[in-house]
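See structure below.
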Number of protein chains: 2
Amino acid sequence: MTVSRVLNNKGEISETTRTHVLNVMRDLGYRPNRIARSLATARTLKIGIVVPSISSAYFGSVLEGAERIFGDSGYHMLLCNTAQNTKREYAILELFEEDRVDGVIVLSSHMPQDELTLYLSKQRAAVVLNSDVEAGIAGHVMTNERNSMSLAVNHLLKSGRRHLGYVGHDVPSYAGRERQRSFVATVEEAGLSSCANRMISCDRRDGHMTARQLLERAPEIDGLVCFNDEIAAGALRACLDLGRRVPDDVAVIGYDDIFLAKLLTPSLTTLRLERTKQEVGALVARMLLERIEGSPTQDEVMINHELVVRESAP
Amino acid sequence: MTVSRVLNNKGEISETTRTHVLNVMRDLGYRPNRIARSLATARTLKIGIVVPSISSAYFGSVLEGAERIFGDSGYHMLLCNTAQNTKREYAILELFEEDRVDGVIVLSSHMPQDELTLYLSKQRAAVVLNSDVEAGIAGHVMTNERNSMSLAVNHLLKSGRRHLGYVGHDVPSYAGRERQRSFVATVEEAGLSSCANRMISCDRRDGHMTARQLLERAPEIDGLVCFNDEIAAGALRACLDLGRRVPDDVAVIGYDDIFLAKLLTPSLTTLRLERTKQEVGALVARMLLERIEGSPTQDEVMINHELVVRESAP
DNA sequence: CTGTTAGCGCTTTCAG
DNA sequence: CTGAAAGCGCTAACAG
């Protein structure tokens with residue numbers, strides 16, 4: 001049909017018919033049917049996104065950054081929440097295949113490497129953030145957790161803390177594993193006594209109660225690193241409950257520098273990515289777009305954290 | 001084709017051919033093509049969602065609740081962020097028409113009523129949350145702002161505050177308008193002196209600076225209501241800057257009861273919906289599903305707030 | 001119970 | 001430059 005030609009302004013068309021078509025389209029309130037177009041072209045302009053939790057301040061910001069890039073390129077995001085449920089993660093990835101999405105983004109997957117590799121290898125293009133997947137299958141953005149934890153622990157050591165504790169996140173994930181492992185390793189390297197009984201983990205909503213348990217069980221703790229800022233905020237409150245002054249008795253460090261971190265009292269010392277969360281989202285989105293177009297310029301990007309020193313651990 | 005029949009388990013099929021088909025499908029790694037199916041059936045199983053800001057703690061939770069319902073019913077969410085940009089809101093709604101989504105959800109629209117009505121009338125089904133749209137066009141969930149603000153103001157009055165201030169949100173929205181209007185009205189009804197020069201508004205990220213400005217300009221303020229908890233957290237911090245004790249010198253009340261509200265110091269008194277944000281999302285989703293199926297049971301739901309009294313305004 | 005046929009609304013190729 | 005025709009992978013209606 002000629003109409004198709006004017007819609008996509010390709011091929012040669014006389015200006016007269018062109019404007020005529022445009023007028024008729026307007027008068028009829030015509031809207032092209034994108035799904036018919038997708039069937040014909042085998043491109044959907046849809047990106048499937050798998051996220052463990054939409055309501056998290058961290059993922060929300062990352063998604064916002066990605067959405068901007070996709071929106072500008074005419075792509076739409078199909079967003080699915082795994083609610084930390086691995087079974088659901090499988091199901092979603094399969095549905096994305098049926099949807100013939102042009103690409104997939106997986107944020108902080110809970111799947112084991114071999115499974116994720118298998119599922120992503122069936123997708124047209126994929127980029128993951130902080131997830132374990134075989135090289136070559138997907139673009140890979142990850143955070144340098146060895147480095148970040150070392151910044152945190154050494155900062156505490158420098159201010160004279162000797163009894164460090166860690167409150168982790170109780171779901172399987174790349175960052176969760178790496179932070180915990182790095183905490184243990186860094187503390188050992190410093191030649192401190194074992195911290196094995198000063199570690200605990202919890203759901204992201206349970207920082208308050210869990211930190212409190214930990215501080216009661218190990219009252220010698222004078223420095224606490226938490227998996228993220230929500231948990232750290234709970235820890236701050238737990239210290240208040242127990243009459244432990246922050247930072248005098250216990251110093252607290254979180255992760256992510258969420259918007260409210262600086263507004264807490266005491267304001268929260270935290271590890272912030274060297275790029276904003278929006279930029280990370282944008283980066284992931286751009287990497288995916290490159291892969292969709294078949295011209296990936298980079299397969300792996302590692303992002304460092306920097307320490308934002310505030311009142312809770314000066 | 002018979003294959004279609006087994007996929008949708010409809011029509012009568014012998015068990016033998018059925019399992020045979022299933023086996024072949026598995027061996028070939030076959031995935032049905034949902035876009036072809038959509039073309040044929042004129043149903044996409046896609047829901048378009050328009051949200052002012054994905055990264056907000058409030059919308060994130062609402063979306064999470066909606067996603068659960070949609071996921072359970074086989075629907076996927078197409079999520080688009082307006083970034084508070086009305087032009088983008090138009091564009092998104094038009095793209096959703098082209099995507100032939102089965103329904104649309106609009107959260108806290110910035111569009112004027114007539115425009116939103118026009119755009120939504122072209123959609124197959126629509127539900128809005130806190131947005132102005134003509135009756136009959138879309139399902140409507142809204143919060144009772146007259147009531148919520150009255151709870152806040154009267155709570156402050158009861159504790160002896162007489163110089164009330166308000167920090168609003170500087171984008172056009174139903175809740176923004178209604179809260180501000182209700183604040184003025186409620187204060188007037190109480191017979192207090194005008195609060196006109198004790199009001200200010202700001203971006204959701206600027207609560208700290210803006211509250212500080214306000215408190216410097218109107219140092220008599222002894223009670224402050226804020227449009228949301230992020231802004232209120234900034235106000236708490238502004239009080240600290242200025243040496244105003246909370247709640248002794250100034251009482252502060254926020255809105256939404258975001259997760260961190262109870263972890264702030266002092267913990268934040270806030271207005272919380274009678275249903276959780278997840279439930280509100282689920283409600284909106286269910287209302288849309290009913291409309292898609294053509295059997296809406298309710299056109300309008302009004303939700304009240306309740307006051308959660310914490311340390312910042314006891 | 002199972003095979004055949006005609007579209008769904010577009011793009012693409014090939015003639016005119 | 002503009003029509004006509006085939007086909008994307010499915011569903012639905014109709015025969016067998």
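Naming: A, B, ... by sequence-line order, numbering from 1 per chain. When reading the values below, keep in mind they use all heavy atoms of this one structure, side chains included, and skip hydrogens, waters and symmetry mates.
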Applied to residues 84-106 of chain B, the ring pair (Phe, Tyr, Trp, His ring centres under 6.0 Å) test, sequence neighbours excluded, yields His76(A)-Phe96(B), Tyr90(B)-Tyr119(B)

Set of side chain to side chain contact (heavy atoms under 4.5 Å, CB included) partners for Thr41(B), sequence neighbours left out:
Arg37(B), Arg43(B)

Starting at atom CG of Leu45(A), determine the distance to atom C1' of dC10(C), rounded to an integer number of angstrom.
14 Å

For Phe70(B), enumerate each residue passing the ring pair (Phe, Tyr, Trp, His ring centres under 6.0 Å) test, keeping only those at least two apart in sequence or located in another chain.
none

Please report, rounded to the nearest Å, how far the C1' atom of dC10(C) is from the CZ atom of Arg100(B).
11 Å

Asp99(B) CG - dC10(C) C1' separation (whole Å):
14 Å

Partners passing side chain to side chain contact (heavy atoms under 4.5 Å, CB included) against Ser131(A) (at least two apart in sequence or in another chain)
Val106(A), Ser109(A), Leu116(A), Val128(A)

Whole-Å gap separating C1' (dC10(C)) and CD (Glu98(B))
13 Å

Show which side-chain atoms of residues 277-285 of chain B pair as donor or acceptor with protein atoms under 3.5 Å away, not counting sequence neighbours.
residue	atom	partner	partner atom	Å
Lys277(B)	NZ	Asp256(B)	O	2.9
Lys277(B)	NZ	Asp257(B)	O	3.2
Glu279(B)	OE1	Thr276(B)	N	3.1

Would you work out how much the helix from dC1(C)-dG16(D) to dG16(C)-dC1(D) bends between its ends, with each end axis defined by five base pairs, to 10 degrees?
40°

Figure out the CZ/P separation between Arg31(A) and dC10(C), and round it to whole Å.
13 Å

Show me the donor-acceptor pairs within less than 3.5 Å that the side chains of residues 292-302 of chain B make with the rest of the protein, sequence neighbours left out.
residue	atom	partner	partner atom	Å
Thr297(B)	OG1	Glu290(B)	OE1	2.9
Thr297(B)	OG1	Glu290(B)	OE2	3.2
Asp299(B)	OD1	Arg291(B)	NH2	2.6

Pairs under 3.5 Å (N/O, protein and nucleotides 6-8 of chain C):
residue	atom	partner	partner atom	Å
dC8(C)	O2	Ala40(B)	N	3.4

Listed partners of Asn304(A) passing side chain to side chain contact (heavy atoms under 4.5 Å, CB included), at least two apart:
Asn144(A), Asn147(A), Glu274(A)

In whole Å, I'd like the distance from the CD atom of Glu97(B) to the P atom of dG9(C).
16 Å

Taking the side chain as everything from C-beta on, heavy atoms only, tell me whether Leu79(A) gets closer than 4.5 Å to Glu67(B).
no

Roughly how many Å is it from CZ in Arg37(A) to P in dC10(D), rounded to a whole number?
21 Å

